[in-house]
Amino acid sequence: MSLGYAKRTAKREKRRELNAQQAPEIEVLKDRKLIRAEVTRRLVSGLQTTTLEYDSIFNYEKASLNKDFDLLSLLFQRMFFYKLNEQLSGLTCDHTFRLSNQILTQMQFRREKINEILDVFKKNGGDCDCGIIYKVESLLIGK
Ligand SMILES: [Zn+2]
């Protein structure tokens, strides 16, 4: 290992530490209209421009244990689970993937990709819209 490499690594470590220290202080959006706009932007284009309170419930350590981490964390970041929660609230789940299909379509995924995503949900215990919230989102959030 060269000295340069060690230095660079140390620098990178330092930066990571700083990021970790700063993370809890990140401003989160409070304005409902701006929150709505960010949710729609992430859903439709995948573009994240700001931090939402919802982001803080993501548990990286826990989520990264999952084999489908890449896909599930992408869906989380693009507000899929948030939107599904929102759409399910006040409804009785009809135990299909009706709402999930609608949301994934709004996210511009092709049919083939949507089927692949639904298979991943099923594999992780999510057999319908409410099952995705109870079984799949819970693999990514909280303690
Ligand atoms: Zn259900």
[X] [atom1] to [Y] [atom2] distance, which is reported to the nearest 0.5 Å:
X      : Y      : atom1 : atom2 : result
Leu43  : Gln77  : CG    : CD    : 10.0 Å
Thr50  : Leu29  : OG1   : CG    : 4.0 Å
Leu91  : Leu99  : CG    : CG    : 6.5 Å
Leu139 : Ser64  : CG    : OG    : 12.0 Å
Ser138 : Lys135 : OG    : NZ    : 8.5 Å
Met107 : Ile114 : CE    : CD1   : 9.5 Å

Got a sec, which residues hit side chain to side chain donor-acceptor pair (under 3.5 Å) with [X], two or more places apart in sequence or on another chain?
X      : result
Asp55  : Arg42
Ser45  : none
Glu116 : Lys113
Asn124 : Asn66, Asp68

Original post:
With Asp127, which residues qualify under salt bridge (charged side-chain N to carboxylate O under 4.0 Å, His left out), at least two apart?
Top reply: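 Asp127 satisfies salt bridge (charged side-chain N to carboxylate O under 4.0 Å, His left out) with no other residue.
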**OP:** Using the test salt bridge (charged side-chain N to carboxylate O under 4.0 Å, His left out), find all partners of Glu86 that sit at least two apart in sequence or belong to another chain.
**Re:**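 Glu86 satisfies salt bridge (charged side-chain N to carboxylate O under 4.0 Å, His left out) with Arg36, Lys83 only.
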**OP:** In plain terms, say whether Lys123 and Asp119 are close enough for a salt bridge, that is, a side-chain N and a carboxylate O under 4.0 Å apart.
**Re:**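 No.
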**OP:** Locate the shortest heavy-atom distance separating Cys128 from Cys93; write the atom from each residue and the value.
**Re:**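 Between these two residues, the closest heavy atoms are SG-SG, 3.8 Å.
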Answer yes or no: is there a side-chain heavy-atom contact under 4.5 Å between [X] and [Y]?
X      : Y      : value
Leu104 : Leu75  : yes
Leu52  : Met79  : yes
Glu137 : Ile132 : no
Arg78  : Gln48  : no
Ile133 : Leu88  : yes
Asn101 : Leu118 : yes

Subject >> Any donor-acceptor pair under 3.5 Å from Asn59 side chain to Gly142 backbone >> reply: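 Pair found, side chain donor or acceptor close to backbone of Gly142.
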Original post:
Any donor and acceptor pair, going by atom type alone, linking the side chain of Glu38 with main-chain N or O of Thr49 inside 3.5 Å?
Top reply: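 Checking the backbone N and O of Thr49 against the side chain of Glu38, a donor-acceptor pair under 3.5 Å is found.
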**OP:** List for me each residue that meets side chain to side chain contact (heavy atoms under 4.5 Å, CB included) alongside Thr92, sequence neighbours excluded, and say none if there are none.
**Re:**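 None.
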Original post:
What residues form a side chain to side chain contact (heavy atoms under 4.5 Å, CB included) with Asp31, not counting sequence neighbours?
Top reply: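 If we apply the side chain to side chain contact (heavy atoms under 4.5 Å, CB included) test to Asp31, skipping adjacent residues, the hits are Lys33, Leu34.
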Can you name the residues that form a ring pair (Phe, Tyr, Trp, His ring centres under 6.0 Å) with [X], not counting sequence neighbours?
X      : value
Phe121 : Phe80
Phe76  : Tyr54, Phe58
Phe69  : Tyr60

**OP:** Check the side chains of Asp129 and Gln87 for a donor-acceptor pair under 3.5 angstrom, ignoring hydrogens and angles.
**Re:**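 Short answer, no.
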**OP:** Consider only side-chain N and O atoms of Asn115 and Arg110, and report whether a donor and an acceptor are under 3.5 Å apart.
**Re:**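 No, Arg110 and Asn115 have no side-chain donor paired with an acceptor closer than 3.5 Å.
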Subject >> Verify same cluster id: Val39, Val44 (apolar side-chain graph, 4.5 Å) >> reply: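 Per the 4.5 Å side-chain linkage, Val39 and Val44 are co-clustered.
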Subject >> Steps toward side-chain contact (heavy atoms from CB on, under 4.5 Å) verdict (Ser100, Leu84) >> reply: CA-CA 7 Å; Ser100 297; Leu84 182 58; 3.8 Å; yes
Original post:
Under the ring-ring contact (aromatic ring centres under 6.0 Å, His included) rule, what pairs show up with a residue in residues 89-112, not counting sequence neighbours?
Top reply: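 ring-ring contact (aromatic ring centres under 6.0 Å, His included) check on residues 89-112 returns no pairs.
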Original post:
Around Arg32, counting heavy atoms of other residues, nucleotides and ligands shown, do more than 12 lie under 6.0 Å from its CZ?
Top reply: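 Count not over threshold, so no.
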